[in-house]
Undergrad: 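Okay, here's the structure, questions in a sec.
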Amino acid sequence: METAGIRVRFAPSPTGPLHLGGVRTALYNYLFARQNNGKFILRIEDTDQNRYVPGAEDYIIKSLQWCGLEFDEDLIKGGPYAPYRQSERSAIYKEYIGILLDRGHAYLAFDTAAELEDARNKFSNGHEQFQYGMKTRLQMKNSLSMTADEVKSRIDRGDRYVIRILIPENLTVIFNDLIRGEVKVLTDSLDDKVLFKSDGLPTYHLANVVDDYLMRISHVIRGEEWLPSAPMHLLLYRFFGWEYSMPQFAHLPLILKPEGNGKLSKRDGDRLGFPVFPIEWKDPSASEVSHGYKEDGYLPEAFINMLALLGWNPGTEQEIFTLDELISSFSLDKINKAGAKFDPAKARWFNHKFIQLKTGAELYAYLDPVLRSNGISADPEYVMKVISLIRERVELLPDLWKHSVLFFRAPDTYDPQVKLKIWQEGTSSFLEEFSAMLKGLDPFNKESLHALVEEFTAGKKIKTAQLMNPLRLLVVGSNQGPGMMDIAAVLGKDEFLERISKGLKNI
RNA sequence: GGCCCGUUCGUCUAACGGUUAGGACGUCAGGUUUUCAUCCUGGUAAUAGGGGUUCGAUUCCCCUACGGGCUACCA
């Protein structure tokens with residue numbers, strides 16, 4: 001039972017896709033482990049077979065892989081404390097619940113669902129709510145209220161039962177949360193939670209304590225929703241005699257909806273138009289597809305950076321971090337206590353920042369497959385020129401295509417709103433004339449073009465914009481895009497001229 | 001209802017008990033640009049309320065309000 005160093009675990013339940021908050025919990029565990037040369041462990045908490053969703057486990061692993069968070073021990077690569085899937089550890093839990101029973105810290109309860117329902121109705125009189133605990137346990141059907149013979153005969157005839165923790169009375173449980181400080185609870189407010197279900201599997205409460213102990217977990221970093229049951233977990237450690245080597249707890253604040261109140265949920269993403277999941281999730285039963293950050297064109301490093309700063313800050317004004325920088329700057333005591341509202345606009349801002357950090361070649365690697373799927377085979381050198389012109393306007397990866405398509409396809413429509421605004425009497429004839437002069441331009445480049453435009457507008461006594469805006473409309477189809485000279489120079493003389501004449505015909 | 005946790009600009013947040021309460025996102029206004037973006041500059045905007053403690057509270061304590069979480073044979 002020697003100290004095994006820093007060991008943390010991420011313990012998701014495979015009941016569906018992992019959302020933002022889950023990824024952040026994993027991230028904080030990862031950062032803490034890496035910073036302390038510790039181990040980062042994945043443990044699948046699948047003790048509820050009713051809620052098992054096929055594909056969820058795989059989804060969780062793939063998501064974290066995309067984020068770049070690698071485990072030291074998990075169900076694939078194994079480890080010294082395997083298995084890492086709780087459903088494969090049921091024998092272990094049986095053994096430990098036996099210890100609790102022997103020591104009188106747990107008891108058998110035979111109440112059926114209907115009986116529990118009855119009790120709830122009977123005891124909840126508007127002011128008070130039913131709690132299976134000190135005030136009620138003796139009136140229920142359990143090994144505390146029944147004789148030993150009665151219990152034995154019930155077991156013998158095959159009655160199903162659960163095993164509940166016996167919460168001691170009038171005891172103050174105190175523990176130190178690394179984020180919140182001292183948390184104090186009187187045991188009288190705790191109820192006799194089910195530790196072991198009638199299906200032979202433990203509940204979270206038992207499994208988590210037993211596994212954290214057995215796996216030598218040094219720090220439990222988990223969501224705030226576990227704070228209320230932490231005192232009960234502490235009691236469990238005490239009953240087992242493990243209090244001296246109990247992990248330290250850190251309960252993370254929740255991630256809230258961008259607007260309004262409450263926990264962030266999948267619905268918010270649908271409603272407000274941003275992903276809440278790291279990668280796309282296809283619901284196996286509902287044939288419904290939820291957006292993922294990956295597929296929407298976010299960079300994993302931007303996603304991670306954004307999550308890291310949602311509830312934690314480095315104490316400096318640095319906002320952009322590499323994973324390594326996050327590892328070295330991270331600290332549990334700079335995690336906030338209050339929940340943080342998620343801000344999709346800031347997520348996009350992070351992504352923009354990270355895209356600007358990419359090299360042209362990296363961006364090329366993203367754009368190239370898109371070009372191919374659109375049936376475009378362009379000279380790499382040409383594509384690189386295009387990328388350098390449009391890269392600064394790219395916020396999400398798909399913008400790469402959105403902003404570069406004009407270099408690969410001539411427009412077939414011309415924005416009527418823009419036309420209305422800029423097309424004047426005489427514009428067409430200006431353009432005809434200009435186009436004719438363009439034909440003889442040699443060499444054809446930004447500089448020569450510029451000179452020609454100056455000469456032309458001066459001769460016509462018109463503003464540069466009076467020529468350039470209509471020109472842009474013909475060549476691009478709208479009022480958007482990089483500088484007109486840049487576009488022309490990249491497009492080349494032939495294509496440029498062709499678009500002008502086609503435009504003049506069709507507009 | 002009970003128990004637990006929380007509360008600084010619209011949002012994320014900074015501030016050994018002493019700061020003109022700082023930064024970022026958003027937003028607004030200017031500038032750059034032949035367009036749209038980007039970019040640059042500037043502005044806007046906060047300590048929930050009330051009591052203490054203290055020479056002095058954003059900071060420490062209490063109360064109230066508000067918000068959140070938990071209250072399953074779910075995690």
Side-chain angles (χ1 to χ4, degrees), chain A residues 11-15 45-48 50-51 86 109 111-113 116 124-132 160-164 177 179-180 183-186 188-191 193-199 201-205 207-208 222-231 251 253-254 256 258-259 261-263 306 309-320 334 336-350 352 356 390-395 399 403 418 421-422 450 453 457 463-473 476 478-485:
Chain A
S13 172
T15 52
E45 311 236 325
D46 57 347
T47 52
D48 183 359
N50 297 323
R51 291 207 310 157
Q86 289 186 328
D111 316 276
T112 63
L116 284 170
S124 313
N125 51 24
H127 305 290
E128 265 183 290
Q129 221 165 37
F130 174 73
Q131 204 178 17
Y132 206 119
R160 290 166 72 86
Y161 60 87
V162 300
I163 300 171
R164 291 180 180 270
D177 186 276
I179 294 173
R180 284 150 217 285
V183 178
K184 245 190 258 187
V185 182
L186 187 66
D188 293 7
S189 71
L190 267 28
D191 56 349
K193 280 266 176 303
V194 172
L195 297 177
F196 212 84
K197 298 176 287 176
S198 60
D199 64 1
L201 286 172
T203 60
Y204 172 86
H205 305 297
N208 132 296
R222 78 223 306 187
E224 193 184 359
E225 67 269 29
W226 294 112
L227 198 50
S229 52
H251 288 97
L254 264 17
L256 278 15
E259 48 187 48
N261 305 320
K263 260 205 291 199
M306 176 273 294
L309 257 25
L310 203 57
W312 168 83
N313 77 86
T316 65
E317 281 176 5
Q318 183 178 357
E319 294 214 78
I320 301 299
K334 292 201 94 60
N336 279 306
K337 295 178 177 71
K341 284 190 180 177
F342 178 68
D343 181 1
K346 190 121 187 194
R348 285 194 299 272
W349 175 80
F350 273 110
H352 181 256
Q356 301 321 309
I390 56 126
R391 57 172 302 149
E392 66 188 17
R393 25 202 348 133
V394 177
E395 190 172 57
D399 297 341
H403 293 309
V418 177
K421 210 169 138 193
I422 61 164
H450 198 78
V453 167
T457 52
K463 286 187 207 151
T464 315
Q466 284 178 281
L467 172 65
M468 300 303 267
N469 288 339
L471 209 48
R472 173 180 296 276
L473 185 58
V476 178
S478 74
N479 62 342
Q480 310 217 322
M484 204 51 230
M485 303 294 185

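All values reported here derive from a predicted model rather than from experimental measurement. Naming convention: chains lettered A, B, ... in sequence-line order (proteins, then strands); numbering from 1 in each chain.
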Undergrad: What integer number of Å spans the P atoms of A46(B) and C9(B)?
TA: 9 Å
Undergrad: Is any side-chain N or O of Lys346(A) closer than 4.0 Å to OP1 or OP2 of G10(B)?
TA: no
Undergrad: What closest approach, in Å, do Lys197(A) and Pro202(A) show between heavy atoms, and which atom pair accounts for it?
TA: CE-O, 3.4 Å
Undergrad: Answer yes or no: does a side-chain N or O of Lys197(A) lie under 4.0 Å from OP1 or OP2 of A72(B)?
TA: no
Undergrad: Name the nucleic acid region contacted by Gly223(A), choosing base, sugar-phosphate or nothing; use a 4.0 angstrom heavy-atom cut-off, strictly under.
TA: nothing
Undergrad: Just the rounded figure in Å: distance from C1' of G10(B) to CG of Leu256(A).
TA: 15 Å
Undergrad: Quote, to the nearest angstrom, the P distance that separates C62(B) from U53(B).
TA: 15 Å
Undergrad: Which value, in whole Å, describes the distance between the P atoms of nucleotides A14(B) and U71(B)?
TA: 29 Å
Undergrad: I want to verify a distance call: between C4(B), U34(B), G69(B), whose nearest atom is closest to the Met484(A) side chain?
TA: U34(B)
Undergrad: Rounded to whole Å, how long is the line connecting atom CD of Glu317(A) with atom C1' of A15(B)?
TA: 11 Å
Undergrad: Provide the Watson-Crick or G-U wobble partner of U32(B), both distances under 3.5 Å; none if there is no partner.
TA: none
Undergrad: Please determine, for the side chain of Asn261(A), which listed nucleotide (G68(B), U13(B), A75(B)) has the closest atom?
TA: G68(B)
Undergrad: At their closest point, which heavy atom of Ala207(A) faces which heavy atom of Gln86(A), and how far apart are they?
TA: CB-NE2, 3.4 Å
Undergrad: In whole angstrom, give the distance that lies between atom CG of Asp188(A) and atom C1' of C3(B).
TA: 12 Å
Undergrad: Mind checking if Ser478(A) touches a base, just sugar-phosphate, or nothing, with heavy atoms under 4.0 Å?
TA: nothing
Undergrad: What does Ser229(A) touch in the nucleic acid at a heavy-atom separation under 4.0 angstrom: a base, only the sugar-phosphate, or nothing?
TA: nothing
Undergrad: Kindly determine whether Asn208(A) and Arg222(A) satisfy side chain to side chain contact (heavy atoms under 4.5 Å, CB included), including the steps that lead there.
TA: CA-CA 12 Å; Asn208(A) 132 296; Arg222(A) 78 223 306 187; 3.2 Å; yes
Undergrad: Between Ala113(A) and Glu319(A), which has a closest nucleotide on RNA chain B that is more 5'?
TA: Glu319(A)
Undergrad: Which one, A75(B), U34(B), C12(B), comes nearest to the side chain of Lys341(A)?
TA: C12(B)
Undergrad: Measuring only the C1' atom in each nucleotide, how far is C28(B) from A21(B)? A whole number of Å is fine.
TA: 22 Å
Undergrad: Please determine if a side-chain N or O atom of Asn313(A) lies less than 4.0 Å away from the OP1 or OP2 oxygen of U13(B).
TA: no
Undergrad: Respond yes when some side-chain nitrogen or oxygen of Arg164(A) is under 4.0 Å from OP1 or OP2 of C73(B), and no when none is.
TA: yes
Undergrad: Please report the distance, rounded to the nearest Å, between CD1 in Ile320(A) and P in G23(B).
TA: 18 Å
Undergrad: Applying a 3.5 Å limit to both distances, which nucleotide forms a Watson-Crick or G-U wobble pair with A48(B)?
TA: U64(B)
Undergrad: By the 4.0 Å heavy-atom rule, please label His352(A) as base, sugar-phosphate, or nothing.
TA: sugar-phosphate
Undergrad: What's the closest nucleotide to the Met485(A) side chain, out of U34(B), C74(B), U7(B)?
TA: U34(B)
Undergrad: Can you find a side chain N or O atom of Ser189(A) that sits less than 4.0 Å from OP1 or OP2 on U71(B)?
TA: no
Undergrad: Work out how far the C1' atom of C4(B) is from that of U8(B), and round it to whole angstrom.
TA: 24 Å
Undergrad: Which atom names give the shortest non-hydrogen contact between Val183(A) and Asp177(A), and what distance separates them?
TA: CG2-CB, 4.2 Å
Undergrad: Send over the distance from Glu392(A) CD to C39(B) C1', rounded to a whole Å.
TA: 7 Å
Undergrad: With sugar-phosphate meaning primed atoms plus P, OP1 and OP2, does Lys263(A) contact a base, only sugar-phosphate, or nothing at under 4.0 Å between heavy atoms?
TA: sugar-phosphate
Undergrad: Between C25(B) atom P and Trp349(A) atom CH2, what is the distance in whole Å?
TA: 5 Å
Undergrad: What are the two closest heavy atoms between Gly223(A) and His251(A), and how far apart are they?
TA: O-CD2, 3.5 Å
Undergrad: Between C74(B), U34(B), C5(B), which one does the side chain of Thr203(A) approach most closely?
TA: C74(B)
Undergrad: Is it the case that atom NE2 in His450(A) sees more than 12 heavy atoms from other parts of the structure closer than 6.0 Å?
TA: no
Undergrad: If you take atom types as modelled and just measure distance, does the side chain of Lys193(A) reach the base of A72(B) with a donor-acceptor pair under 3.5 Å?
TA: no
Undergrad: May I ask you to verify whether the side chain of Ser198(A) and the base of C73(B) hold a donor-acceptor pair under 3.5 Å?
TA: yes
Undergrad: Give a yes or no on whether the backbone of Leu201(A) and the side-chain of Asp199(A) come within a donor-acceptor separation of less than 3.5 Å.
TA: yes
Undergrad: Give a yes or no on whether a donor-acceptor pair under 3.5 Å exists between the nucleobase atoms of G2(B), that is its base, and the side chain of Gln129(A).
TA: no
Undergrad: Take atom CG of Asn469(A) and atom P of U33(B), then tell me their distance rounded to the nearest Å.
TA: 14 Å
Undergrad: Report the base-pairing partner of C25(B) (Watson-Crick or G-U wobble, both distances below 3.5 angstrom), or none.
TA: G10(B)
Undergrad: Is the phosphate of U7(B) approached by Asn336(A) (side-chain N or O, under 4.0 Å from OP1 or OP2)?
TA: no
Undergrad: If you go through the side-chain atoms of Arg180(A), does one of them form a donor-acceptor pair with the base of C5(B) closer than 3.5 Å?
TA: no
Undergrad: Sticking with atom C1', work out how far U19(B) lies from U38(B), rounded to a whole angstrom.
TA: 35 Å
Undergrad: Under 30°, 30 to 60°, or over 60°: which ring-plane class applies to Trp226(A) and Tyr204(A), parallel, tilted or perpendicular?
TA: parallel
Undergrad: Heavy atoms only, 4.0 Å cut-off, all strands: where does Gly311(A) land among base, sugar-phosphate and nothing?
TA: sugar-phosphate
Undergrad: Which base, if any, makes a Watson-Crick or G-U wobble pair with G56(B), both distances under 3.5 Å?
TA: none
Undergrad: On a whole-Å scale, what distance lies between the C1' atoms belonging to U44(B) and A24(B)?
TA: 15 Å
Undergrad: From the set C12(B), U35(B), A75(B), return the single nucleotide nearest to any side-chain atom of His205(A).
TA: A75(B)
Undergrad: Using a heavy-atom cut-off of under 4.0 Å over every strand shown, decide if Pro482(A) touches base, sugar-phosphate, or nothing.
TA: base
Undergrad: Considering only NZ, NE, NH1 and NH2 on the basic side and carboxylate oxygens on the acidic side, decide whether Lys193(A) and Asp191(A) come within less than 4.0 Å.
TA: yes
Undergrad: Between G17(B) and G56(B), how far apart are the two C1' atoms, rounded to whole Å?
TA: 8 Å
Undergrad: How close do Met484(A) and Met468(A) get, counting heavy atoms only, and between which atoms?
TA: CB-CE, 3.6 Å
Undergrad: Between Lys184(A) and Pro228(A), which residue's closest nucleotide on RNA chain B lies nearer the 5′ terminus?
TA: Lys184(A)
Undergrad: With a 3.5 Å limit on both atom pairs, tell me what A72(B) is paired to, counting Watson-Crick and G-U wobble, or say none.
TA: none
Undergrad: Could you give the NZ-to-C1' distance, from Lys337(A) to C4(B), as a whole number of Å?
TA: 15 Å
Undergrad: Using a heavy-atom cut-off of 4.0 Å across all strands, would you classify Val162(A) as base, sugar-phosphate, or nothing?
TA: base
